[in-house]
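Below you'll find the structure, written out as structure tokens, and then a few comments.
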Amino acid sequence: MTDLPKAYTPRDVEGAIYERWLAADVFAPDGAGSTADPELPPFTITQPPPNVTGSLHLGHAQRTTVEDLMTRHARMRGHAALFLPGLDHASIAAQFVLDAILAKEGESRQSLGRERYLERMVAFSESTRPVMLAQQRRVGASADWGRLRYTMDEGSAKSVRVAFARLYRDGLAYRTEALVNWCPGCQTSISDLEVVPTPETGTLWLVRYHLVDEASGELDPERSVVVATTRPETILGDTAVAVHPDDERYRELVGRRARIPFVDRDVPIIADEVVDRAFGTGAVKITPAHDQDDHETGKRHGLPAPTILADDATMANTGTEFDGLDRYEARRRIVAALTDRGDVVEERVHEMIVGRCQRSDDVLEPRLKTQWFIRTEPLAARALGATRSRRTAILPERFEKTWEHWLTNIRDWNVSRQLWWGHRIPAWYCPVGHVTVTADPAGPMACEVCARPAGELQQDPDIFDTWFSSGLWPFSTLGWPDETPDYARYYPTSVMETGYDIIFFWVARMMMLGLHLTGTAPFHTVYLSGLIRDPEGKKMSKTKGNVVDPLGVIDETGADALRFALIHGSAAGQDQRFGTAKLENARNFANKLWNATRFVAGARPASIAADTERRLPDTRHLGPAERWILSRASATVATVDAAMADYAFGEVTRVLYDAIWNEFCDWGVELAKVRLADGSLPDDVHEATWWALVEALDTYLRLLHPVMPFVTEALWAAIPHRASDPGLLIVARWPAAVERDIEIERQVSALIGLVGDLRNARTTAKIPAGDWLETRVHVPPDLGATFEALRPALERMARARPLHRELTPEALDATRAPGDLTVVAGAGDIEATIRPAAIDEGASALERARLERELSEAEGWLAAARERLANESFMGKAPPAVVDGARAREAELADQVERLRDRLAG
RNA sequence: GGGCGAUUAGCUCAGUUGGUCAGAGCGUACGGUUCACAUCCGUAAGGUCACUGGUUCGAGCCCAGUAUCGCCCA
């Protein structure tokens, strides 16, 4: 069909193609248009659900592309391929976004109240949701939209309740008072993973605490101890001073008491090995309610742990003038007051690490709270078992080390969040504090300990960490805890593709929860993508303003170009910089393919009807070029298959780019052109030639479809199909590698090499590209027939006319005239001469220099080859195949060197 | 403090089990109105594969160490 426009315009094609896929119902593995083989196992990917309130960025586009290409590949191979899409309610992240919007309206979480806030959230997410889904369609995701899930839908809610109830029953969920990471900005606790350790330059204050005279109970005027602290405001919560037990400086102080300023609390001086003698003065204050280490120390020594901060990080319950002050204001005033008293001994600049909130960047406060935790140790052990036994593989493999380390040092997971947007924890408390956990959405009938009626019970106000529902994703989306048909058929899933940055947040949790709740690892392969960075290598982020909107890119260069660019030259787990050069290259490639197809479609011999059914080329009428391209196409199938099996998607695109551009377009099409245009050949030959091109092109379109689905689908429609083909490429069968014709590949590639060498010689001698020059060639006898068959094409490709074939090297020599350009090609056994239109001294010199350069290069290789063959160790120890190869190479080089020397001498 | 990654052509990066693998794209230079494509075609130049040592007949690839940059964990 020649009605394809001259340049590929993705905009004119993509939307319509996606609509056709939707209309044909081919995304669902059990859709009306599915061609899945029921005998084959299904292939399942559950999409990492993007945050519902966000918008897609390049990272999403990259992941969608990888997931989609695996899905499309599996689908074409006949598997029932399920790409299950979804959205995440994103609890804290969504609240953060909404809170910012509310703030602009002069409202806040508090001003709205829980109910209205949640209504607002639902409305907001409903406004962003269709945008996000549309974005994914633009990228080309062949996801089963009919199975779209949401972490806040009833299915997810049910699985959350059931999962938690099971964990509780199994002793893996417990409620306790513990020191948690509190974000004063978000007003919630967060998990250890959400803490961002941030280096900061702070101050280390050395503060004098006066000792108490045990006899009088008054301050001992003689004795004091100087403690070092970076947080003077927590002095108000001190319940001890600690020194190292072996520290001679303080040995005699241990057991005495010191008076805490402002609160006038007398606290013991204790000895504990946790103290670092080299830090500060070697004596530290202990604030068990506001520091992780101090909390542990306090527990060991039975110290009280008064909380002195409110949820908003103002001072509270100290009974001092500082109550009600912000923590930093309190710090300033306390330092000032201590200075006035003369008790600030020293201030030092101090480099330290401060924990900040991943979401709001607020400095976190360790706070004592009663919360729910998941006991992770037994779960982690099973997760490790799954990867160690290779029931689940992690790619790239090096992440297994990270995985091992984290899971073997894992800490219990705090799942309580003092937020509103999310799944409410299904735990109820009776007035005396008994706990009842139930999966029943209506709540418990009564306290399961004391049987107090439901009316007296109160549900936990907290919600779950958003990652809790995410952790159930691979099975909650398929119907778990119910034994649904989907769950039976598609679980466990096949591949979990995601960014390596959430391996702990998400992958580990899915693994742990999946193994415990479903008894099986939720996926057999974890494919970790690298991160997309900006051209300078910086992480893309909204605050940096370097985020690229994929829709803009798609509008400009097309979804296929974006997808190709994201895959090409990438490797699993490896970050990539993303710039316009890659995109342009990908766009050009799509255009190249478009035009190649345009040529093939337009080159259909008149003897073949436009709507004809696909035929295999008649092998009797195939020329070497056609046999060559068919063989190369088959080789490409094999290489792509191998790369796909290795999840080496960058290799897939590399191989296809090379095959399509440098083999099919540059030579397959160019060589065929001559034959197709040769009116002296019979129709049978034209037809076979054309069918060969169609066959090869069809193979490439199929192979490329997973990466570039739109353009391949569009182009596939422009070439004849087989009777067995479905109407759409997306559900057509993946090609099978057939036996290659190695001999024809060798011969044609030698002649292609000859053309290149002839062009090189002409260019070096500054011969105008368009000049037709008399050219003589000698090829070894076994290449003779192929040479003759390709002669017209070779003439054209090398601008060699007339083109004579000499039967012996001597015959070629005999025709040589002064000024002739000489070419030694192939394995040194092909020679050619080009006769310029006029003898040009300058050109001759250039020509001679070229030959000399070639000779010295060949001599160098030859010397190396001979050295190798002379090496007894090599001859003795290298495998015979390698030795044979080296011998053949040596012979070739010797031949080449000899001929080049002859030419230069003659 | 522990771990991981990167270091290959001017730039951005491929290189699966060690045996012509020294590659691609972009860029550069020169030349092209070849009837699919200037989003193109042809030709070319450019690299001691970070450094040092080791294993091996043979190392970009394996081992040890060093340097620089980056990331993760504590």
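Just so it is clear, the model here is predicted, and its values are computed rather than measured. Just so it is clear: chains get the letters A, B, ... in the order the sequence lines come, proteins before strands, and each one is counted from 1.
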Checklist entry - So which nucleotide does B:A67 pair with, by the Watson-Crick or G-U wobble rule with both distances under 3.5 Å? => result B:U7
Checklist entry - So what's B:G18 paired with, Watson-Crick or G-U wobble, going by both distances under 3.5 Å? => result none
Checklist entry - Within the structure, does a side-chain N or O atom of A:W661 lie under 4.0 Å from either OP1 or OP2 of B:C41? => result yes
Next on the checklist: In whole Å, measure the gap between the P atoms of B:U56 and B:A44 for me.
Outcome noted: 41 Å
Item to check | Spacing of A:E872 atom CD relative to B:G58 atom P, expressed in whole Å | outcome: 14 Å
Item to check | B:C40 OP1/OP2 closer than 4.0 Å to side-chain N/O of A:N588 | outcome: yes
Checklist entry - Taking the side chain as C-beta and beyond, is there a heavy-atom pair between A:R509 and A:F504 under 4.5 Å? => result no
Checklist entry - Is B:A29 paired to anything, Watson-Crick or G-U wobble with both distances less than 3.5 Å, and if yes, which nucleotide? => result B:U43
Item to check | Interatomic distance, A:D771 CG vs B:U43 C1' [rounded to whole Å] | outcome: 15 Å
Checklist entry - Which way is the base of B:G27 turned, syn or anti, if we draw the line at 90° from 0? => result anti
Checklist entry - Roughly, in whole Å, what's the span from CZ in A:R577 to P in B:U7? => result 12 Å
Next on the checklist: For B:C37 and A:K592 - does any side-chain N or O of the residue sit under 4.0 Å from the phosphate oxygens OP1/OP2?
Outcome noted: no
Next on the checklist: Under 4.0 Å, heavy atoms only, any strand: does A:G569 hit a base, just the sugar-phosphate, or nothing?
Outcome noted: sugar-phosphate
Checklist entry - Is B:C62 paired to anything, Watson-Crick or G-U wobble with both distances less than 3.5 Å, and if yes, which nucleotide? => result B:G54
Next on the checklist: For B:A44 and A:N760 - does any side-chain N or O of the residue sit under 4.0 Å from the phosphate oxygens OP1/OP2?
Outcome noted: yes
Checklist entry - Is it true that the NZ or CZ of A:K592 lies under 6.0 Å from the centre of A:F664's six-membered ring and within 45 degrees of the ring axis? => result no
Checklist entry - Reckon A:F589 touches a base, only the sugar-phosphate, or nothing at all at heavy-atom distances under 4.0 Å? => result nothing
Next on the checklist: Closest-nucleotide mapping onto RNA chain B: is A:W667 or A:R799 further toward the 5' terminus? I mean the 5' end.
Outcome noted: A:R799
Item to check | Residue-phosphate contact under 4.0 Å: A:K6 side-chain N/O, B:A38 OP1/OP2 | outcome: yes
Next on the checklist: Is there a side-chain contact between A:K673 and the phosphate of B:C35, meaning an N or O under 4.0 Å from OP1 or OP2?
Outcome noted: no
Item to check | Base-pairing mate for B:U48 - Watson-Crick or G-U, with both contacts under 3.5 Å | outcome: none
